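One structure below.
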Amino acid sequence: MAVQLDKAIVREKIARRAEQEIESGFYVNLGIGMPTMVANYIQEDKEVVLQSENGLLGIGRSPYEDEVDPDLINAGKETVTASVGASYCSSAESFAMIRGQHIDLAILGGMEVNEKGDLANWMIPGKMIKGMGGAMDIVHGARKIVIIMDHVNKHGESKILKQCQLPLTGKGVVDRIITERAVIDVTEEGLELVEVDEGWTVQEIKDSTEADLKVHPNLLEASF
Amino acid sequence: MMKTIHPSFEQAVNEIKDYSTIMVGGFGLVGIPENLILALVKSKVKHLTVISNNCGVDDWGLGLLLKNKQIDKMIGSYVGENKEFERQVLAGELEVELTPQGTLAERIRAGGAGIPAFYTPAGVGTPLAEGEEVRTFDGQEYLLQKGLQADFSLVRAAKGDRYGNLVYNKTARNFNPMIAAAGKVTIAEVEELVEPGELDPDHIHTPGIYVQGLIEGSQEKRIERLTLRQ
């Protein structure tokens, strides 16, 4: 095992790498949890509009105490502000934006991803089902789906599998996976390792990934 | 057309009987008709089917109806904020139908717009599609979903007038406009009842045709996750 990192550092590392997926001019939907953190690292020279599926196009920063409006929240139910140029809409319209492929990129969390880009991130059988929220709509709507997650679960087992064990959120929907160890693309020919993080070797990534990995000819090493 | 202005919340909900299907606006605790829900709790009406994105929290919003065992069936997209919900589902006391959030919003929109069913990609290849009709258009699979209607719709708006026109505030709009249109009887709880003509016709979110009754109510507006700038 190359590096043992503190959980907060791992999350920040993944969020910072995920930020590089966002291009200037993009409309972006960020999932609840770690994906929401990506907003903190968006470079100032990029023009980006963040969408919240409850009905806000243009999420701003968190409010100061005297700016809090209880009627203004993001999809994670956190108080937010609206950015300059923002608009509000109904939840039907916000999902029309998503389903109609007007959102350039969605960055979501994941429990399992397989070789074909199937994603499981909404329920664990035997545990209480909380609901899928908007995830099933978003994975079929945004033009590009990037999943950010730990490379292995708390038992040290790969979350990138030949076959998902958990009930799916969407089939063949994932374009790219970013973990604290690597960046992996879903291609027609299976999974392709495109970046390996500092402190890890290609062999270590292969050993900690259940699914087969091809290595991209121009693999970037110690990339983030 | 002038709409009924209800003199009290109790009277606003008194037509809602046992076994009614009701839709309730809001996302989390934002945009919920707080006082109409409280009046339903007091009314003790039971065996309700409730259609709403969430089911409140343990001690507020729809969570109060749940605690009182007034709900038989819940149709929503995310119910994870509520421990009593979990207990009732596991005990077999509460039936639940989970539907993706965008699908739920569109099912309600369709119900209010006279569309019986539509195809959507959400849920294809997942447990939701088992036993359901899947159809291929242009090489992509889609799942058939049915529109939803309700006997009564309860919504919350920032402003409303006697013609039933409604204006919402910020993200308190959420599911309210579609729910207003999908109820056979729609009751709007407004923070401010304004004089006819005061609302700019160009700025109305819900045209009055969808609303049968209104009542003014002050809102607590509880915050679920206060997040401040560091």
Side-chain angles (χ1 to χ4, degrees), chain A residues 32 36 40 52-56 61-65 67-82 86 88-99 118-120 122-123 125 127-141 167-173, chain B residues 27-31 53-54 76-83 85-86 89-90 96 98-106 108-110 120-129 140-142 158 168-178 205 219-230:
Chain A
I32 293 163
T36 303
N40 300 335
S52 189
E53 63 267 24
N54 50 324
L56 167 59
R61 56 168 175 74
S62 300
Y64 288 113
E65 204 159 3
E67 293 175 318
V68 169
D69 184 335
D71 282 342
L72 181 45
I73 61 166
N74 64 16
K77 305 188 179 90
E78 297 168 336
T79 47
V80 292
T81 59
Y88 301 108
C89 62
S90 73
S91 304
E93 174 125 29
S94 71
F95 279 98
M97 284 175 200
I98 291 168
R99 223 186 278 106
D118 298 351
L119 169 71
W122 75 284
M123 73 171 280
K127 287 204 177 170
M128 178 58 195
I129 301 169
K130 294 183 170 183
M132 66 293 280
M136 287 188 181
D137 307 277
I138 294 168
V139 294
H140 285 284
L168 296 185
T169 306
K171 216 175 160 76
V173 293
Chain B
F27 177 91
L29 298 179
V30 173
N53 188 53
N54 314 92
S77 89
Y78 188 80
V79 292
E81 316 293 348
N82 197 313
K83 286 197 183 65
F85 193 97
E86 177 171 355
V89 171
L90 294 174
V96 56
L98 290 170
T99 183
Q101 196 178 318
T103 298
L104 180 65
E106 193 63 15
I108 298 169
R109 197 197 70 80
T120 179
V124 167
T126 77
L128 292 195
Q140 290 285 322
E141 288 186 328
Y142 296 84
Y168 307 98
N169 184 42
K170 303 189 176 75
T171 56
R173 191 181 323 181
N174 56 62
F175 282 77
N176 281 299
M178 296 81 76
H205 298 134
Q219 308 293 310
E220 236 183 75
K221 296 193 181 178
R222 289 198 192 173
I223 293 173
E224 264 181 272
R225 296 207 177 91
L226 181 67
T227 305
L228 297 173
R229 188 168 198 196
Q230 300 299 326

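In this text the structure is predicted, and so the values were computed from the model without any measurement. Chain A is the first sequence line, chain B the second, and so forth, proteins listed ahead of strands; every chain is numbered from 1.
- Between chain A and the options B:Pro121, B:Ala129, B:Gly28, heavy-atom pairs under 4.5 Å are most frequent for B:Pro121.
- Proximity of a side-chain donor or acceptor of B:Asn54 to a complementary backbone N or O of B:Tyr78 within less than 3.5 Å is detected.
- Contact annotation for B:Glu81: only side-chain heavy atoms (C-beta onward) come within less than 4.5 Å of a heavy atom of chain A.
- Neither the backbone nor the side chain of B:Asn53 has a heavy atom closer than 4.5 Å to any heavy atom of chain A.
- Only the side chain of B:Pro177 comes within less than 4.5 Å of a heavy atom of chain A; its backbone N, CA, C and O stay farther away.
- In this structure, A:Glu67 contributes its side chain and A:Tyr64 its backbone to a donor-acceptor pair below 3.5 Å.
- Under a 4.0 Å N-O distance rule, the pair B:Glu106/B:Arg109 qualifies as a salt bridge.
- Highest contact tally toward chain A, considering only B:Gly123, B:Ala172, B:Gly80, B:Ala158, is held by B:Gly80 [criterion: heavy-atom pairs under 4.5 Å].
- Counting heavy-atom pairs under 4.5 Å between each of B:Ser77, B:Gly125, B:Gly76 and chain A puts B:Ser77 at the top.
- The environment of NZ in B:Lys221 is crowded: more than 12 heavy-atom neighbours from other residues, nucleotides or ligands sit within 6.0 Å.
- You'll find the side chain of B:Gln140 stays beyond 4.5 Å of the side chain of A:His140, heavy atoms only.
- Only the side chain of A:Phe95 comes within contact range of chain B, judged by heavy atoms closer than 4.5 Å.
- A:Thr169 touches chain B through its backbone: at least one of N, CA, C or O sits under 4.5 Å from a heavy atom, while the side chain does not.
- For the set B:Thr120, B:Asn176, B:Val89, B:Leu98, the entry with the most heavy-atom pairs within less than 4.5 Å of chain A is B:Leu98.
- When the candidates A:Ala92, A:Gly55, A:Ala82 are compared by the number of heavy-atom contacts under 4.5 Å with chain B, A:Ala92 comes out ahead.
- Within the 4.5 Å cutoff, the side chain of B:Thr103 has no heavy atoms near those of the A:Met136 side chain.
- Of the two parts of B:Leu228, the backbone and the side chain both hold a non-hydrogen atom closer than 4.5 Å to a non-hydrogen atom of chain A.
- Ranking A:Ile98, A:Asp69, A:Val139 against chain B, the residue ahead of the rest is A:Asp69, based on heavy-atom pairs under 4.5 Å.
- Among B:Ala105, B:Pro100, B:Pro127, the residue making the largest number of heavy-atom pairs under 4.5 Å with chain A is B:Pro100.
- Neither the backbone nor the side chain of A:Asp118 comes within contact range of chain B, judged by heavy atoms closer than 4.5 Å.
- Contact tally against chain B (heavy-atom pairs below 4.5 Å) for A:Glu78, A:Glu93, A:Lys171: the top residue is A:Glu78.
- Judged purely by atom type and a 3.5 angstrom limit, B:Arg225 uses its side chain to pair as donor or acceptor with the backbone of A:Gly76.
- Contacts between B:Leu128 and chain A at a heavy-atom distance below 4.5 Å involve the side chain alone, from C-beta outward.
- The side-chain heavy atoms of B:Glu224 and A:Ile73, taken from C-beta on, include no pair separated by under 4.5 Å.
- Between B:Met178 and A:Ser90, the closest side-chain pair of non-hydrogen atoms falls below 4.5 Å.
- A donor-acceptor pair under 3.5 Å is formed between the side chain of B:Thr171 and the backbone N or O of A:Asp71.
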